[in-house]
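Here's the structure we're looking at; comments come further down.
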Amino acid sequence: MADAATTERVHELREQLHRHNYRYHVLDSPLVTDAEYDALFRELQTLEEANPDLADAGSPTQRVGAAPAPQFDEVAHPVPMLSLGNAFGEEELEAWRRRAAGMLERDDFAMVCEPKIDGLAIALTYEAGRLTRAATRGDGVRGEDVTLNVRTIKSVPLVLQAGASHPSRMEVRGEVYFPRDAFRRMNEEREDAGESLFANPRNAAAGSLRQLDPRITASRRLAIWVYQLGWAEGAETPPTHWETMQWLRELGFRVNPEIARFESTEGIATYYDRWVRERDDKNYQTDGVVVKIDRLDYQRHLGFVGREPRWAIAWKFPAERAVTRLLSIGINVGRTGALNPYAILEPVQVSGVTVKQATLHNEDDIRRKDIRVGDYVVVERAGEVIPQVVGPVAERRTGEETAFEMPTHCPACNSRVTRDEGAAAYRCVNTACPAQRYERIRHFVSQAAMDIDGLGEKLVAQLLGIHLACDLETRQVYPHLSEDLAIIRDLTDLYGLTQEHLEALERMGEKSARNLVDAIDASKQRPLPSVISGLGILHVGGETAELLARRFGSVERLMDASQEELEAVPGIGPIVAAGIASHFANEGNRSIVQRLGKAGVALAAPEGGDAAQADGPMPFEGMRFVVTGRLEGFTRSQAESFIKERGGQVSGSVSKKTSYVVVGEEPGSKREDAERLGVAILSEDELTSLAESGVVSGETADA
Ligand code: IVH
């Protein structure tokens with residue numbers, strides 16, 4: 001049992017952290033630096049780990065507490081979640097307002113305007129001031145229980161602000177969205193890992209909320225704007241929407257600061273026009289302005305037609321779409337050899353921006369949408385995201401259009417192209433392909449990897465002896481290699497470059513040559529995750545590189561890891577593991593690592609990683625453990641490290657695949673799960689004896 005002083009400190013820390021979260025995420029005016037916040041957070045974490053009796057799901061440390069769920073439960077909404085009618089233009093807005101005025105028999109009502117956030121509607125239930133459930137909208141009547149995922153969203157309060165008096169039960173509604181900067185970062189990361197990109201923040205947010213593993217949702221950095229009180233019990237609530245929003249903000253909810261109240265229609269059009277101009281500058285996507293009648297008694301009086309309220313309307317923004325000709329389909333060859341088709345378009349203006357190219361995702365997508373070269377196509381621009389081809393305008397076909405065929409040979413090097421089994425991607429198999437070499441070096445020197453300043457794309461091409469050639473039929477430009485012009489062959493040669501080599505290049509002065517040599521030299525000391533990421537292994541971006549660096553501690557150890565050992569790293573699945581194993585099965589790739597080492601690039605972390613201490617036997621290899629209850633000799637995380645260091649895996653819930661459930665004091669339902677599924681149960685002592693001798697000594701609680 002924790003003593004009184006510890007208990008008090010834990011409560012104090014939790015309250016402080018809730019407060020700081022609120023200041024940061026809701027009020028946007030933090031009181032402490034990130035480092036100060038982290039220090040408080042770590043102090044709380046340490047105290048909670050040492051005192052499991054103080055565990056509390058409402059603690060700020062418990063956002064990602066849960067293990068993957070097998071599926072989402074269905075949830076009935078006590079009050080249906082409706083949609084909104086649309087107005088396209090000021091006249092339609094005025095028509096809506098007049099209808100409401102007619103029913104209310106008055107013309108003098110105030111309205112509230114707010115941005116219409118392009119995300120997903122979520123209903124948050126709070127009981128006694130704590131988040132107990134989060135549900136998606138679903139069909140409006142029934143949604144899905146996504147509580148575990150929504151808990152990972154930092155701007156969703158787990159506990160309401162202390163001091164504010166709140167209803168005993170209430171439901172608050174809002175829109176969960178993917179902030180643009182976080183979305184961009186995630187896509188960059190996926191690109192680095194050679195993975196497919198998300199088309200837009202909305203789809204990515206939806207996909208992230210429907211992850212069965214909350215750790216994935218947590219890594220996606222979603223956010224929320226709250227826009228409505230669903231219902232409340234056990235307290236008086238404000239009489240207007242405007243006051244409700246101010247009150248919700250005080251309770252700890254993130255309410256958009258751009259929300260505005262107007263006494264009459266005057267001002268609404270100005271508000272809307274400002275949004276049309278400024279919406280691209282926001283860190284979230286919007287698709288209109290929602291106009292709501294402020295007084296809630298008026299709202300009740302007006303009621304609904306079908307699934308739409310009469311008291312609110314969405315004044316939509318003009319569509320960011322345009323029609324243009326698809327001149328041809330180009331192919332981009334990525335660093336892993338993936339062939340990515342893209343549209344070469346007759347330049348067209350889409351909401352103020354000239355669009356000449358757009359993504360086409362992959363061949364299947366082109367077929368499904370039946371996009372043909374020569375078609376008139378609809379092009380869409382969603383925020384800062386790469387423009388997309390939505391589909392053809394089939395009515396405008398002349399019969400001259402031609403179906404697209406994926407090339408059988410690489411457009412850059414003419415090698416054979418293969419298709420990944422079960423995947424949409426085509427790949428050029430030639431690792432010496434100039435396009436791949438070029439992209440690999442560009443990736444290696446990029447900020448996400450070795451961060452070598454001053455090595456832009458033109459210079460990389462020049463060093464490789466690449467010049468650009470144009471395919472006269474498709475008008476597409478490809479990199480072509482002239483070996484006799486090359487100064488380097490691959491990324492390891494960067495470390496042999498001297499000032500003289502560089503100064504001999506066109507447009508390269510003495511000073512920039514010296515700076516570049518220094519930058520290359522400095523990159524030898526980059527941290528291990530940057531080096532692993534720089535190697536350009538399929539599916540391995542920054543985050544995965546971190547996991548690998550922590551587990552293996554050096555590139556050499558990673559290089560010799562078996563597929564099973566790789567899969568045993570938490571957060572690494574079979575596909576990523578296979579990508580890594582096959583990368584290092586290639587002699588050329590192994591030799592790159594050796595040459596980097598010879599050139600003086602640091603290939604090991606100073607602390608050596610988990611595996612450094614665990615080079616000994618791996619008695620738990622291939623075994624899966626669940627730890628439950630309070631242990632005597634270990635904290636929970638020490639027990640988990642003990643297992644992982646010996647090659648075991650730890651998961652949060654018991655399944656048929658679990659080898660052992662390690663049970664301490666007050667184990668709860670996981671013990672019952674083990675008994676039900678016939679999974680062997682170990683005491684703490686039995687766990688240590690299993691590690692030492694490979695057998696379970698004494699009595700086992702085998703069910
Ligand atoms: S109020 C009775 N306010 O738009 C419906 N909705 O098209 C009340 N949305 O399902 C909704 N921003 O998911 C409201 N500021 C806002 C909104 C908003 C986005 C979404 C919401 C709703 C959909 C309706």
Side-chain angles (χ1 to χ4, degrees), residues 26 75 77-88 92-93 96 100 111-124 134-144 146 150 153 155-156 171-180 200-203 205-206 209-210 222-232 240-246 248-249 253-262 268 271-272 274-275 279 282-296 298-317 319 382-383:
V26 178
V75 162
H77 296 298
V79 177
M81 294 181 79
L82 299 146
S83 55
L84 285 169
N86 292 327
F88 295 94
E92 291 184 20
L93 180 79
W96 163 79
M111 286 171 278
V112 172
C113 291
E114 46 197 74
K116 184 168 188 297
I117 315 295
D118 194 8
L120 294 109
I122 290 287
L124 307 168
T136 61
R137 175 164 179 261
D139 62 5
V141 179
R142 256 168 242 286
E144 281 180 319
V146 288
V150 169
I153 302 173
S155 46
V156 171
E171 187 204 88
V172 172
R173 294 176 177 182
E175 200 85 348
V176 166
Y177 68 95
F178 217 130
R180 282 183 166 152
N200 63 59
R202 214 199 90 87
N203 291 356
L209 266 194
R210 299 203 74 265
L222 303 175
I224 195 167
W225 288 123
V226 154
Y227 57 67
Q228 197 184 19
L229 176 65
W231 47 265
T240 63
H241 175 64
W242 176 256
E243 287 159 290
T244 305
M245 290 296 108
Q246 314 308 321
L248 287 177
R249 186 181 283 136
F253 294 100
R254 192 160 177 258
V255 174
N256 195 295
E258 310 274 359
I259 158 171
R261 185 172 179 277
F262 297 93
I268 292 183
Y271 180 89
Y272 174 88
R274 184 173 62 77
W275 267 102
R279 67 186 189 109
K282 304 288 180 205
N283 200 21
Y284 47 90
Q285 285 190 298
T286 50
D287 55 356
V289 162
V290 184
V291 186
K292 299 175 181 174
I293 291 173
D294 192 26
R295 276 179 58 162
L296 298 175
Y298 289 177
Q299 289 193 3
R300 276 188 292 276
H301 181 79
L302 288 167
F304 300 87
V305 239
R307 305 163 56 79
E308 293 167 6
R310 287 198 192 87
W311 46 265
I313 194 154
W315 186 1
K316 298 295 283 269
F317 294 139

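All ligand and atom numbering here is 1-based and tracks the order in the structure.
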Can you say whether the rings of W315 and Y272 are parallel (under 30°), tilted (30 to 60°) or perpendicular (over 60°)? parallel
For the residue pair Y177 and W225, categorise the inter-ring angle as parallel (less than 30°), tilted (30 to 60°) or perpendicular (more than 60°). parallel
Where do A123 and M81 come nearest, in terms of heavy atoms and distance? CB-SD, 4.0 Å
Can you pull the residues with any heavy atom under 4.0 Å from ligand 1? L82, S83, L84, E114, P115, K116, I117, A121, R137, E175, Y227, Q228, V290, K292, P309
Can you confirm whether E114 sits close enough to H241 that some side-chain heavy atom of one is under 4.5 Å from a side-chain heavy atom of the other? yes
If we only count heavy atoms from C-beta on, is the H301 to W311 side-chain gap below 4.5 Å? no
Sub-4.5 Å side-chain heavy-atom contact between F304 and L82: yes
